[in-house]
Peer 1: 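The structure under discussion is supplied below as structure tokens; questions concerning it will follow.
Each chain gets a letter, A, B and so on, in the order the sequences are listed, and its residues count up from 1.
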Amino acid sequence: MPELPEVEVVRRGLERWVAGRTVTEVEVLHPRAVRRHPAGGADFAARLKGQRFEVARRRGKYLWLPLAETGTSVLGHLGMSGQLLVQPEDAADEKHLRIRIRFAASDSDSVTGAVGTELRFVDQRTFGGLSLHDQTPDGLPDVIGHIARDPLDPEFDDAAFQSALRLRRTTVKRALLDQSLISGVGNIYADEALWRSRLHYDRPTATLTRPRSAELLGHVRDVMNAALDVGGTSFDSLYVNVNGESGYFDRSLDAYGREDEPCHRCGTPMRRRAWMNRSSYFCPRCQRPPRASA
DNA sequence: CCGTACTCCTGGCAGC
DNA sequence: TGCTGCCAGGAGTACG
């Protein structure tokens with residue numbers, strides 16, 4: 001599934017293929033894809049028509065395309081299975097095509113005579129979607145004001161994050177997934193960063209020393225940057241792919257999905273625990289549970 | 001403030 | 001073989 005690095009790859013693809021283009025037509029093919037747009041699909045399409053996209057921005061797993069001179073943005077979230085594809089206009093519809101956005105012919109099209117491209121939102125499980133929102137003064141869509149900066153944001157405040165961790169009476173994995181503390185960390189990267197940090201997911205955040213929380217944050221960044229390095233090499237094509245099947249997930253995971261397989265550090269079989277309606281993967285030897293939890 | 005449970009959805013897969 | 005049911009996941013919401 002798309003995580004922060006994949007979403008960043010998509011953002012770069014949009015920057016290259018969609019920035020500066022003017023919308024001529026919008027087709028909403030499934031109502032769930034615009035369910036975060038309260039006025040509905042027809043309103044979404046009507047308000048988008050004739051507007052020009054500026055450079056795509058991202059925070060955590062949210063990305064948005066500001067509409068020039070309107071103070072509004074198209075906000076997107078890929079959910080679990082969403083893709084934003086730039087496709088030739090004459091390419092066959094994908095099975096799970098939800099939204100199609102057509103553009104005025106670009107200069108390069110009219111010069112080369114090539115078939116134009118369109119932007120498609122494709123989503124099998126329909127957890128993701130697009131919607132239109134006003135921007136706050138700092139350029140953020142108003143509905144994501146509660147989303148904290150992500151660890152790849154140059155303005156992410158490490159010291160403030162570490163202080164907030166100590167103050168929260170919660171456990172470390174819960175904190176990593178709390179979008180108001182730090183955004184963009186999903187189940188996979190949380191487990192990977194905890195494994196690298198030799199921390200059990202149920203460790204109370206208040207017991208983390210400064211060096212330990214700094215190390216954890218460093219591992220969160222490392223694991224995301226490693227994935228970005230892999231995924232970031234494949235966007236340079238007409239087809240902006242966000243299928244979550246990047247080689248990174250096949251080759252480089254140390255924790256996620258490795259139940260009963262040997263720990264890459266000590267060889268102990270990895271374990272999986274049901275946790276908050278999902279799973280946590282960890283090494284029972286490297287990542288000892290805290291005394292308070294059984 | 002914090003935690004838990006629930007919801008949305010589809011397709012792949014295990015088990016009968 | 002064809003059914004049933006489980007599972008995957010992010011994020012919002014309701015509630016204790």
Peer 1: Between A/E15 and A/R11, does any side-chain N to carboxylate O distance fall below 4.0 Å?
Peer 2: yes
Peer 1: Which value, rounded to the nearest 0.5 Å, describes the distance between A/Q124 atom CD and A/R98 atom CZ?
Peer 2: 8.0 Å
Peer 1: Strictly below 4.0 Å, N to O, side chains only: are A/R271 and A/E259 in salt-bridge contact?
Peer 2: no
Peer 1: Between A/D93 and A/R100, does any side-chain N to carboxylate O distance fall below 4.0 Å?
Peer 2: yes
Peer 1: Using a strict 4.0 Å threshold on nitrogen-to-oxygen distance, state whether A/R258 and A/D254 make a salt bridge.
Peer 2: no
Peer 1: Heavy atoms only, 4.0 Å cut-off, all strands: where does A/R35 land among base, sugar-phosphate and nothing?
Peer 2: nothing
Peer 1: Quick check for you: name the first and last nucleotides of DNA chain B, 5' to 3', having an atom under 4.0 Å from a heavy atom of chain A.
Peer 2: B/dC2 to B/dG11
Peer 1: Write down the protein N/O and nucleotide N/O pairs, taken from nucleotides 11-14 of chain C, whose separation is under 3.5 Å; answer none if there are no such pairs.
Peer 2:
| residue | atom | partner | partner atom | Å |
| --- | --- | --- | --- | --- |
| C/dA11 | OP1 | A/H77 | NE2 | 2.6 |
| C/dG12 | OP1 | A/Y62 | OH | 2.5 |
| C/dG12 | OP2 | A/H146 | NE2 | 3.2 |

Peer 1: Look at A/R212 together with A/E215 and state whether they make a salt bridge at an N to O cut-off of under 4.0 Å.
Peer 2: yes
Peer 1: Ion pair present between A/R120 and A/E118, side-chain N to carboxylate O less than 4.0 angstrom?
Peer 2: yes
Peer 1: Kindly assign one of parallel, tilted or perpendicular to the pair A/F103 and A/F53, based on the angle between their ring planes and the thresholds 30° and 60°.
Peer 2: perpendicular
Peer 1: Taking only N/O atoms, report every protein-nucleotides 5-7 of chain C pair under 3.5 Å with atom names and distance.
Peer 2:
none

Peer 1: Ignoring hydrogens and angles, tell me if any N or O in the side chain of A/N187 forms a donor-acceptor pair with the backbone of A/S279 under 3.5 Å.
Peer 2: yes
Peer 1: Thinking salt bridges, do A/D158 and A/R221 make one under a 4.0 Å N-O criterion?
Peer 2: yes
